[in-house]
Amino acid sequence: MTATGPSGDELLRLLGALANPHRLRIVAALRAERAYVSQLARELGISRALLQLHLRKLEAAGLVSAELELSEDGKAMKFYEVKPFLVELSPETIAAAATTLSTPVPGDEGERS
């Protein structure tokens with residue numbers, strides 16, 4: 001993110017990551033404290049496999065981070081936590097972000113003047 005707000009691509013990645021009810025619930029659950037996958041899956045009532053898919057999407061967008069730790073019995077446990085973020089959505093921030101999009105506008109690829 002820049003000082004003036006996210007680029008168009010960053011904004012799409014952030015909004016895309018949050019555009020799912022499971023991912024919204026994950027962020028909400030992690031806001032209070034970090035959790036490991038099995039604990040979070042039980043809390044949210046979803047499978048570990050589905051949870052990991054959503055956590056990867058959130059991590060790729062920079063919204064959560066993971067840290068691998070060893071338990072007392074030597075078992076590797078991956079803990080996730082929410083990274084601080086703030087996204088302001090207004091017509092102005094969207095307009096500024098739109099000017100930086102790297103994806104072409106559909107239909108512009110072969111347009112001739």
Side-chain angles (χ1 to χ4, degrees):
M1 258 190 250
T2 65
T4 58
S7 71
D9 294 337
E10 288 171 332
L11 186 59
L12 287 176
R13 191 171 44 256
L14 289 169
L15 294 177
L18 293 171
N20 179 283
H22 288 302
R23 292 191 289 267
L24 285 179
R25 288 183 185 104
I26 291 166
V27 170
L30 291 175
R31 85 186 186 300
E33 65 180 347
R34 68 189 194 125
Y36 59 95
V37 173
S38 295
Q39 173 189 9
L40 196 52
R42 280 191 303 273
E43 184 179 326
L44 297 173
I46 62 176
S47 72
R48 287 192 321 250
L50 180 60
L51 175 61
Q52 288 174 329
L53 175 100
H54 290 300
L55 285 167
R56 279 193 294 274
K57 180 93 172 180
L58 290 167
E59 192 171 16
L63 298 172
V64 301
S65 62
E67 187 174 328
L68 199 58
E69 294 181 15
L70 290 178
S71 66
E72 291 179 10
D73 62 358
K75 183 179 175 184
M77 299 173 68
K78 198 169 194 178
F79 282 86
Y80 285 87
E81 64 185 344
V82 172
K83 293 173 72 173
F85 66 92
L86 175 66
V87 179
E88 179 184 329
L89 288 179
S90 68
E92 292 76 20
T93 57
I94 291 172
T99 64
T100 66
L101 287 169
S102 64
T103 51
V105 176
D108 280 357
E109 298 86 18
E111 190 173 307
R112 300 174 199 265
S113 303

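Within the 4.5 Å cutoff, no side-chain heavy atoms of Val87 are placed close to those of Thr93. Taking 4.5 Å as the limit, every side-chain heavy atom of Leu30 sits out of range of all side-chain heavy atoms of Leu58. Side-chain contact check for Leu101 versus Leu12: some heavy-atom pair is nearer than 4.5 Å.
Under the 4.5 Å side-chain contact rule for hydrophobic residues, Ile46 and Leu63 share a cluster. Hydrophobic clustering of Ile, Leu, Val, Met, Phe, Trp and Tyr side chains at less than 4.5 Å, counting indirect connections, unites Leu14 with Leu53. A single hydrophobic cluster is not seen to contain both Tyr36 and Val82; linkage of ILVMFWY side chains at heavy-atom distances under 4.5 Å, directly or through other members, places them apart.
How far OH of Tyr80 is from CD1 of Ile26: 9.5 Å, rounded to the nearest 0.5 Å. In this structure, the separation between CD on Glu59 and CD on Gln52 is 11.0 Å, given to the nearest 0.5 Å. Between the CG atom of Leu68 and the CE atom of Met77 there is a distance of 10.0 Å, given to the nearest 0.5 Å. Interatomic distance, Leu51 CG to Leu44 CG, rounded to the nearest 0.5 Å: 6.5 Å. Atom CG of Leu55 is separated from atom CZ of Arg48 by 12.5 Å, given to the nearest 0.5 angstrom.
For Glu43 against Ala29, the heavy-atom pair with the smallest separation is OE2-CB, 3.5 Å. Across Lys78 and Ala66, no two heavy atoms sit closer than the pair CE-CB, 3.5 Å.
Each side-chain hydrogen bond (donor to acceptor under 3.5 Å, both in side chains) pair with one or both residues in residues 19-34, not counting sequence neighbours, appears once here: Arg23-His54, Arg34-Glu69.
No side-chain donor from either of Ser7 and Asp9 sits under 3.5 Å from a side-chain acceptor of the other.
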